[in-house]
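Positions are given from 1 along the sequence.
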Amino acid sequence: MITIAALTAVLLVTLDSTIATIALGRIQSNLAASPEQITWVLTSYLIAAAVMTPLAGWLADRFGRLRTMRTSVFFFTLSSLGCGLAPNLETLTLFRFIQGASGASLVPLSQVLLLDIWPEEKHGTAISAFGVGTLMGPMLGPTLGAWLIEYISWRWIFLINVPIGVLALIGFTVFAAGHDKLREVKFDMRGFIYVSVALTAFQLMLDRGQLLDWFSSTEVAIEAAIAALFGYLAVVHVFTTADPFIKPAIFKDRNFALGTAFMMGVGIFMVGAIPIITTMMQQLMGYPVMLTGMVSLPRAIGNILTVIVAGQLVGKVDSRLLMIIGLSGMIGGFYILSGVTLETDPWTMALVSFLQGLGSGLMFLPLMMMVFTTLPDKFKNEGATLTALMRNLGGAVGISVIQTLTLRDLAASQSRLAEKVTPDNPLVGWRYGDVDFTDPLDVAARSGEVARQGLILAYHHTFEMMFVLSMVMVVICLLMKRKKETGASSKPAPVFMD
């Protein structure tokens, strides 16, 4: 029953991480917000989550893991109700910030909780269940969000969290009450401030940079400078303080260090790719919202299939091999995307979603087992929060960088294509017949076609880059250790013990 409560809490957070993105246009029109203002609905959530994620490990050690999770579920559910009933953008942004802060600890702490309450021989099953909860939310978010927006209201993308949160809260309260043991853990306030300011400035730089043309803006340059300064102070503080906020000893574990790097890569290539694929289908290929959601559904189906299979294979097959096979699904999806056209049918896009779902499910479970098998028990709370932080940061970097590179490539592609659309080019006449370059309507029509073809070329180049870079992650898999390190604690901690 505790497992069910934990998975419900995981679904609560992961579903909300993607379901809001598809509704931004509807929220903007309903609340009369500008394009710049509406981005704060996402930015406020991401900043709060980034700041609170590394703090989750200390809260679990100091106040108890289950107590921290119960409190997080309560405030996440309450803030979801506030988002659904928000009368204006300012109120919605405030409650989204509370959502991000309260939900930051639920995914990493649920993961460690399942490893602790299940015996070692059942860890594959436990992580398999956790993988379903973690990956189902982002996979189902676009489809469920599209249905709610189309047939009910955008407010229900937040209100749907309320019954889910109540179920999770009841489960933790009834079946896991009074079992926490507290630890006196010193809080490194200076280290927390350094890390928080660096993460906040970095997240603002990523979100605002797309709107303000990056370093041509004074605001973005200041945010980048603050992120660099406080990041440097945080690193120096970690290595010069007796009991720092983030303990450097945790990175001595090779699997953990490489696993966090791999997790960031997954965030960049998977989380960063989903928004741009969705945008391409809606704005360029003309897919309606409901069709876009349905095309994304096979991603969840493929994910469920491989999560179940991986749960049975973990411990019997080299985890690195499973991760590489999973990577091949992601790489295959990018290969197909690098050749899509304006006439690509929804079935091809559904195949891409299915391959991505197969790949992510097969990567996730072996990765978690590789990372936490060799990690000492005393570092598990902190390790879980750091891997979650790296995944979130990777997603934020991926979304910003991928969209920026695509837009800049768009300008170059349009320029190259426009150079060929001339009266003396026989291909223009062959393709479009008699074109009157003195007629504004004909010129506008050709300019629109150049813009569409230039955009699809920009998408091609972006997906080709992601195809090549995702293959680099195979090297990280091969560098990880297959067997446990000598002396590393692999024995699961007692039930409910921190």
Side-chain angles (χ1 to χ4, degrees), residues 18 21-22 131 134-143 262-285 287 291-307 309-310 321-367 391 394-395 397-399 401-403 405-406 409 455-477:
T18 55
T21 305
I22 201 170
T134 303
L135 299 173
M136 279 291 289
M139 303 302 180
L140 289 176
T143 304
F262 190 92
M263 187 66 77
M264 187 170 186
V266 171
I268 292 174
F269 296 116
M270 292 302 296
V271 179
I274 291 175
I276 196 171
I277 294 172
T278 302
T279 303
M280 181 181 69
M281 289 190 295
Q282 288 183 322
Q283 297 184 1
L284 190 59
M285 297 180 174
Y287 291 7
L291 178 58
T292 302
M294 293 303 296
V295 168
S296 302
L297 186 60
R299 188 179 290 113
I301 298 173
N303 176 256
I304 294 174
L305 292 176
T306 48
V307 162
V309 172
L321 176 61
L322 295 177
M323 292 167 63
I324 292 173
I325 295 174
L327 270 172
S328 66
M330 183 173 67
I331 293 170
F334 287 137
Y335 178 78
I336 296 174
L337 286 171
S338 65
V340 297
T341 67
L342 295 172
E343 290 76 30
T344 297
D345 59 87
W347 291 105
T348 301
M349 300 305 298
L351 174 62
V352 171
S353 296
F354 185 67
L355 288 175
Q356 289 179 338
L358 289 175
S360 61
L362 204 54
M363 285 189 297
F364 184 79
L365 266 67
L367 176 62
R391 182 176 63 247
V397 170
I399 291 172
V401 172
I402 290 170
Q403 290 183 352
L405 291 177
T406 302
D409 191 87
L455 185 54
I456 198 66
L457 276 178
Y459 282 128
H460 281 182
H461 299 154
T462 298
F463 292 130
E464 286 171 358
M465 176 195 68
M466 296 172 73
F467 167 76
V468 173
L469 294 180
S470 60
M471 291 193 291
V472 177
M473 297 176 65
V474 175
V475 179
I476 300 178
C477 295

Engineer: If I take atom OG from residue S338 and atom NE2 from residue H461, how far apart are they, to the nearest 0.5 angstrom?
Structural biologist: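 Taking OG in S338 and NE2 in H461, the distance rounds to 10.0 Å.
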Engineer: Name each donor-acceptor pair under 3.5 Å that joins a side chain in residues 323-331 to protein atoms two or more places apart or in another chain, with its distance.
Structural biologist:
unit_1	atom_1	unit_2	atom_2	d
S328	OG	I325	O	2.3

Engineer: Taking the side chain as C-beta and beyond, is there a heavy-atom pair between F354 and R299 under 4.5 Å?
Structural biologist: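 No, side chains not in contact.
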Engineer: What heavy-atom pair brings L322 and P366 nearest, and what distance separates the two atoms?
Structural biologist: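 Closest pair (atom of L322, atom of P366, distance): CB-CG, 3.6 Å.
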Engineer: Give, for atom CD of E343 and atom OG1 of T348, the distance between the pair rounded to the nearest 0.5 Å.
Structural biologist: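 E343 CD to T348 OG1: 12.0 Å, rounded to 0.5 Å.
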Engineer: State, to 0.1 Å, how close S353 and V295 come at their nearest heavy-atom pair, and which atoms those are.
Structural biologist: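 Here S353 and V295 meet closest at OG-O, 3.1 Å.
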Engineer: May I have the step-by-step check of side chain to side chain contact (heavy atoms under 4.5 Å, CB included) for F262 and M363, ending in yes or no?
Structural biologist: CA-CA 10 Å; F262 190 92; M363 285 189 297; 3.8 Å; yes
Engineer: Quick one: list whatever passes ring pair (Phe, Tyr, Trp, His ring centres under 6.0 Å) with Y459, sequence neighbours left out.
Structural biologist: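 Y459 satisfies ring pair (Phe, Tyr, Trp, His ring centres under 6.0 Å) with no other residue.
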Engineer: Are the side chains of M349 and I277 in contact, using a 4.5 Å heavy-atom criterion?
Structural biologist: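 With C-beta onward as the side chain, the pair touches.
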Engineer: The criterion is side-chain hydrogen bond (donor to acceptor under 3.5 Å, both in side chains); which residues satisfy it with S470, sequence neighbours excluded?
Structural biologist: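 Residues passing side-chain hydrogen bond (donor to acceptor under 3.5 Å, both in side chains) with S470: none at all.
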Engineer: Students often mix this up, so state it plainly: with edges at 30° and 60°, are the rings of F463 and F334 parallel, tilted or perpendicular?
Structural biologist: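 Plane angle under 30°, so parallel.
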Engineer: With a 4.5 Å heavy-atom cut-off, do M263 and L367 have their side chains touching?
Structural biologist: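 Yes. Closest side-chain heavy atoms under 4.5 Å.
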Engineer: For the pair T306 (side chain) and L358 (backbone), establish whether a donor and an acceptor sit closer than 3.5 Å, ignoring hydrogens and angles.
Structural biologist: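 Yes, the answer is positive, given that a donor and an acceptor are paired below the 3.5 Å cut-off.
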Engineer: Going through the checks in order, is the side chain to side chain contact (heavy atoms under 4.5 Å, CB included) test met by L469 and E464?
Structural biologist: CA-CA 9 Å; L469 294 180; E464 286 171 358; over 6 Å; no
Engineer: Which atoms form the tightest heavy-atom contact between G339 and H460, and what is the distance?
Structural biologist: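 So the minimum-distance heavy-atom pair works out to C-NE2, 3.8 Å.
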Engineer: Keeping the roles fixed (side chain from T344, backbone from V340), state whether a donor-acceptor pair exists under 3.5 Å.
Structural biologist: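 Between the backbone of V340 and the side chain of T344 there is no qualifying donor-acceptor contact (under 3.5 Å).
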Engineer: Quick one: closest heavy-atom pair of P298 and A350, and the distance?
Structural biologist: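 Closest pair (atom of P298, atom of A350, distance): CB-O, 3.6 Å.
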